[in-house]
Amino acid sequence: MDNLNMTILIAAIAGFFGILVGAILVIFAFNLRIKYDEGKERRSRELEYTVKEIETLNLLNQKVNEILQKRNLFRSDYVSFDSFDDNYITIDDFVFLQTFTSQNNFYLPTYLVEEFFKNNSHRRVILSPEETVRLGGYTYKGGRALMETFSDDLVRIMEEKKIYLKQLSNQPLSYFVS
């Protein structure tokens, strides 16, 4: 009987250690899976954010290019200062630019946008309220070059974001990366 009790005790201890090792393996595997899912979710959010940044930059760039092309449409009403670099922005377009940048501030490069508006405001030609209403907008002395530079900067940033997006998309997920 003594030998039988010893065998049962050894089997019980071995079973207990087996259960303990199995529990540790399950906990380890569960934690790995949680880290993998968190990494996958984090990457998904980062991809969505980068796509939203690119879309926002693209929309702003489209509006800036639209404003640049309006000069030819309003040439007869345009206040000319004998400079091709002058720019005309309608009141509606100016309000759109300000509201768009303030609503999408989270996705836009803040410094670039602030510098654009600051530099643009220094170039605004002071006209009487009647002339401004007659024109329906504001004239900026030398503002065309500023708008083109701003558009080029937006395109450059979009290209950088697209490269980053491609790198992020091609990066493999791992169970052991935290």
Side-chain angles (χ1 to χ4, degrees), residues 37-174 177-178:
D37 289 342
E38 287 174 352
K40 191 174 174 181
E41 181 65 28
R42 183 176 35 249
R43 180 172 155 185
S44 175
R45 283 193 311 265
E46 194 169 352
L47 285 170
E48 289 174 8
Y49 177 78
T50 305
V51 167
K52 181 66 175 169
E53 278 182 321
I54 292 170
E55 289 173 352
T56 304
L57 289 167
N58 191 31
L59 286 173
L60 182 59
N61 189 44
Q62 286 175 352
K63 188 61 176 180
V64 167
N65 286 326
E66 180 184 315
I67 290 170
L68 286 171
Q69 292 173 0
K70 281 187 180 181
R71 175 186 169 114
N72 295 332
L73 297 175
F74 295 105
R75 188 175 290 257
S76 61
D77 295 332
Y78 187 70
V79 175
S80 178
F81 296 97
D82 299 326
S83 175
F84 184 71
D85 285 349
D86 295 343
N87 196 20
Y88 170 77
I89 301 176
T90 64
I91 294 171
D92 294 339
D93 288 339
F94 190 75
V95 168
F96 176 83
L97 283 176
Q98 286 184 328
T99 56
F100 183 82
T101 55
S102 65
Q103 288 174 349
N104 296 298
N105 191 29
F106 187 66
Y107 299 108
L108 293 172
T110 307
Y111 177 76
L112 183 67
V113 172
E114 287 177 359
E115 283 297 309
F116 168 72
F117 280 115
K118 183 177 79 172
N119 292 337
N120 217 13
S121 68
H122 292 304
R123 297 174 184 272
R124 189 164 148 190
V125 175
I126 306 298
L127 299 173
S128 69
E130 294 81 23
E131 287 177 309
T132 303
V133 169
R134 183 179 61 80
L135 288 173
Y138 306 106
T139 303
Y140 296 90
K141 182 90 171 140
R144 185 167 189 79
L146 182 67
M147 293 280 281
E148 289 172 348
T149 303
F150 183 61
S151 177
D152 292 342
D153 289 341
L154 291 175
V155 169
R156 180 185 48 80
I157 292 170
M158 274 192 295
E159 291 303 318
E160 290 172 1
K161 296 288 182 185
K162 286 178 183 177
I163 291 170
Y164 174 71
L165 184 67
K166 187 173 183 177
Q167 289 173 348
L168 188 62
S169 297
N170 292 336
Q171 185 179 16
L173 284 173
S174 174
V177 176
S178 53

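Both backbone and side-chain heavy atoms feed into the values below; hydrogens, waters and symmetry mates do not.
With sequence neighbours left out, the side chain to side chain donor-acceptor pair (under 3.5 Å) criterion links K118 to E115. With sequence neighbours left out, S151 forms a side chain to side chain contact (heavy atoms under 4.5 Å, CB included) with N61, V64, N65.
The pair K52-E48 fails the salt-bridge criterion, with no side-chain N (NZ, NE, NH1 or NH2) lying under 4.0 Å from an Asp/Glu carboxylate O. Taking a cutoff of 4.0 Å between a charged side-chain nitrogen and a carboxylate oxygen, E159 and R156 do not qualify as a salt bridge. With respect to R42 and E38, no salt bridge is recorded, no charged nitrogen being found less than 4.0 Å from a carboxylate O.
To the nearest 0.5 Å, atom CG of residue D93 and atom CD of residue Q98 are 11.5 Å apart. Distance check, rounded to the nearest 0.5 Å: CG of N105 to CD of E114 gives 7.5 Å. Atom CD in E53 sits 9.5 Å away from atom CD1 in I157 (nearest 0.5 Å). Note that CG of N170 and CG of L165 are 9.5 Å apart. Values are rounded to the nearest 0.5 Å. Considering OH of Y107 and CG of L59, their distance stands at 12.5 Å, rounded to 0.5 Å. Expressed to the nearest 0.5 Å, how far CG of L57 lies from CD of E55 amounts to 10.5 Å.
Contact detail for T50 and K161: the closest heavy-atom pair is CG2-O, 3.8 Å. Minimum heavy-atom separation, T101 to L108: CA-CD1, 3.7 Å.
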Next item on the list: Carefully, step by step, assess L60 and L97 under the rule side-chain contact (heavy atoms from CB on, under 4.5 Å).
Entry: CA-CA 8 Å; L60 182 59; L97 283 176; 3.6 Å; yes
Check: Could you walk me through whether V95 and T99 pass the side-chain contact (heavy atoms from CB on, under 4.5 Å) check?
Finding: CA-CA 6 Å; V95 168; T99 56; 4.2 Å; yes
Next item on the list: Carefully, step by step, assess F116 and M147 under the rule side-chain contact (heavy atoms from CB on, under 4.5 Å).
Entry: CA-CA 8 Å; F116 168 72; M147 293 280 281; 3.2 Å; yes
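Note on ring orientation: taking the six-membered ring where Trp is involved, the planes of F94 and F117 are perpendicular (angle over 60°, cut-offs 30° and 60°).
A cation-pi arrangement, defined by a distance under 6.0 Å to the six-membered ring centre and an angle within 45 degrees of its axis, is present between K63 and F96.
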